[in-house]
Amino acid sequence: MSATDPDPVENVVATIARSATEIRQGLVGRRGKADEQNPSGETQIEADVWADQLLADRLSSIDGVGEYASEERSEIIDGGDETVYVAVDPLDGSSNLRSNNTMGTVFGIYEEPLPAPGSALVASGWILYGPITTMTCARDGTVTKYELTGGERTVVERNVTLPEDPLVYGFGGRVPHWHDEFREYVREIESNPEHKLRYGGAMIGDVNQVLTYGGIFAYPALEDSPRGKLRLQFEGNPIAYLVEAAGGRSSDGSRSILEVEPTDLHDRVPLHVGNTELIDRLEETLD
Ligand code: P6P
């Protein structure tokens, strides 16, 4: 699968899009548990390991790619060049594979070596393995949605923005472990009769609903996990970059996710994304 465009960012995006159909088909027969855990201590599914290796081989060999890093591997693969640095969550929500629910592939393309702050992103996006395989990608301050068939991308929407009126909300973590201030915020959101609960167990499916209908998704800081669950490099930054490009906001509870300085490749971050007024209100409540 050769990458021919001289722009490494375009080649990374095009390679991920072309790989999506193969990844979707490759899920069949790879639903069992692998013998390993990922660097976050989560048991890997066979498909996690397989999708990670497929993307590592293809992305690290693209001209201009300096590094390939993944949620599924502790070490960074050196790509040999020094233009862009790629961070991937090969299969977000792979625990949904057993129940045949939505899953995704998340990617961030940075212009600094990893780990890097989200402010160093030049593009990000996700593949959503839903009834239709779609790609949503942010670059140069704008978000584009594609449908993917047979490795080809078809633009279905340009300049994607969050709808003005928020509709859906989804909050991760066990309720007894939420901080009181967050629980108070949730009660306020739930008290609005216009809002609907949407939580599917795979961030990409939930965030894609927020992008489509407006609203908020959060996996907050928890009493037993102060930095929440989601990973800054592979999930928080790429999601925040895209949602902000679509006119929304992100927050770790007090500031944009993109301002968070990483200390380790596998840092976790409390993640809140969605309509600006909802995130502003969240920060007021948590303050
Ligand atoms: P919980 C999937 O494992 C994931 O990383 C995200 O995609 C998802 O939002 C979250 O974890 C779900 O976590 O604790 O609800 O199972």
Side-chain angles (χ1 to χ4, degrees), residues 20 23-24 27 30-34 36-52 55 69-74 87-108 124-130 134 136 168-179 182-183 186 197-212 215-243 250-253 257 265-274 282:
I23 289 174
R24 186 183 189 112
L27 298 177
R30 294 187 171 93
R31 301 168 76 178
K33 288 184 178 178
E36 304 292 326
Q37 288 190 338
N38 68 16
S40 300
E42 298 159 342
T43 301
Q44 292 177 312
I45 307 290
E46 291 165 313
D48 285 321
V49 178
W50 172 78
D52 175 45
L55 291 170
S70 154
E71 184 178 300
E72 300 304 333
R73 57 181 68 221
S74 52
V88 176
D89 180 0
L91 280 183
D92 171 67
S94 56
S95 57
N96 272 359
L97 189 51
R98 184 172 164 200
S99 55
N100 195 28
N101 289 98
T102 53
M103 297 161 49
T105 294
V106 191
F107 62 92
S124 79
W126 60 73
I127 304 288
L128 180 60
Y129 305 104
T134 57
T136 305
V168 298
Y169 64 90
F171 302 124
R174 296 191 66 246
V175 176
H177 295 158
W178 288 350
H179 289 292
F182 185 75
R183 192 177 290 111
V186 172
L197 171 63
R198 290 290 184 274
Y199 188 81
M203 167 192 64
I204 285 309
D206 298 328
V207 172
N208 202 62
Q209 290 203 67
V210 168
L211 184 65
T212 306
I216 181 171
F217 168 82
Y219 205 109
L222 303 172
E223 288 179 351
D224 63 342
S225 179
R227 300 299 292 160
K229 175 180 182 182
L230 302 179
R231 277 59 49 149
L232 177 65
Q233 294 297 298
F234 310 105
E235 296 166 315
N237 279 340
I239 300 301
Y241 182 84
L242 192 149
V243 171
S250 76
S251 178
D252 69 346
I257 296 280
L265 182 64
H266 294 280
D267 279 352
R268 298 177 191 269
V269 66
L271 177 64
H272 318 78
V273 289
L282 170 90

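We use all heavy atoms of the structure for the numbers below, so side chains are in, but hydrogens, waters and symmetry mates are not. In each ligand, atom 1 is the first atom listed, and ligand 1 is the first ligand listed. On a predicted model such as this, the values are computed, not experimentally measured, just so you know.
- Distance alone, capped at 3.5 Å, places no donor-acceptor pair between the Ser250 side chain and the Ala240 backbone.
- With ring centers used as reference points, Phe234 lies under 6.0 Å from His266.
- Between the side chains of Arg268 and Ser225, no donor N or O sits under 3.5 Å from an acceptor N or O.
- Annotation: salt bridge (Lys or Arg N to Asp or Glu O under 4.0 Å) contacts of Asp92 (sequence neighbours excluded): none.
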- Query: Checking side-chain hydrogen bond (donor to acceptor under 3.5 Å, both in side chains) for the pair Thr134/Tyr129: CA distance, chi angles, key distance, verdict?
  - Reply: CA-CA 7 Å; Thr134 57; Tyr129 305 104; over 6 Å; no

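- Protein neighbours of ligand 1 below 4.0 Å, counting non-hydrogen atoms: Asp92, Gly93, Tyr199, Gly201, Ala202, Met203, Phe217, Tyr219, Lys229, Leu230, Arg231, Glu235.
- Ring pair Tyr169/Tyr199: centre-to-centre distance not below 6.0 Å.
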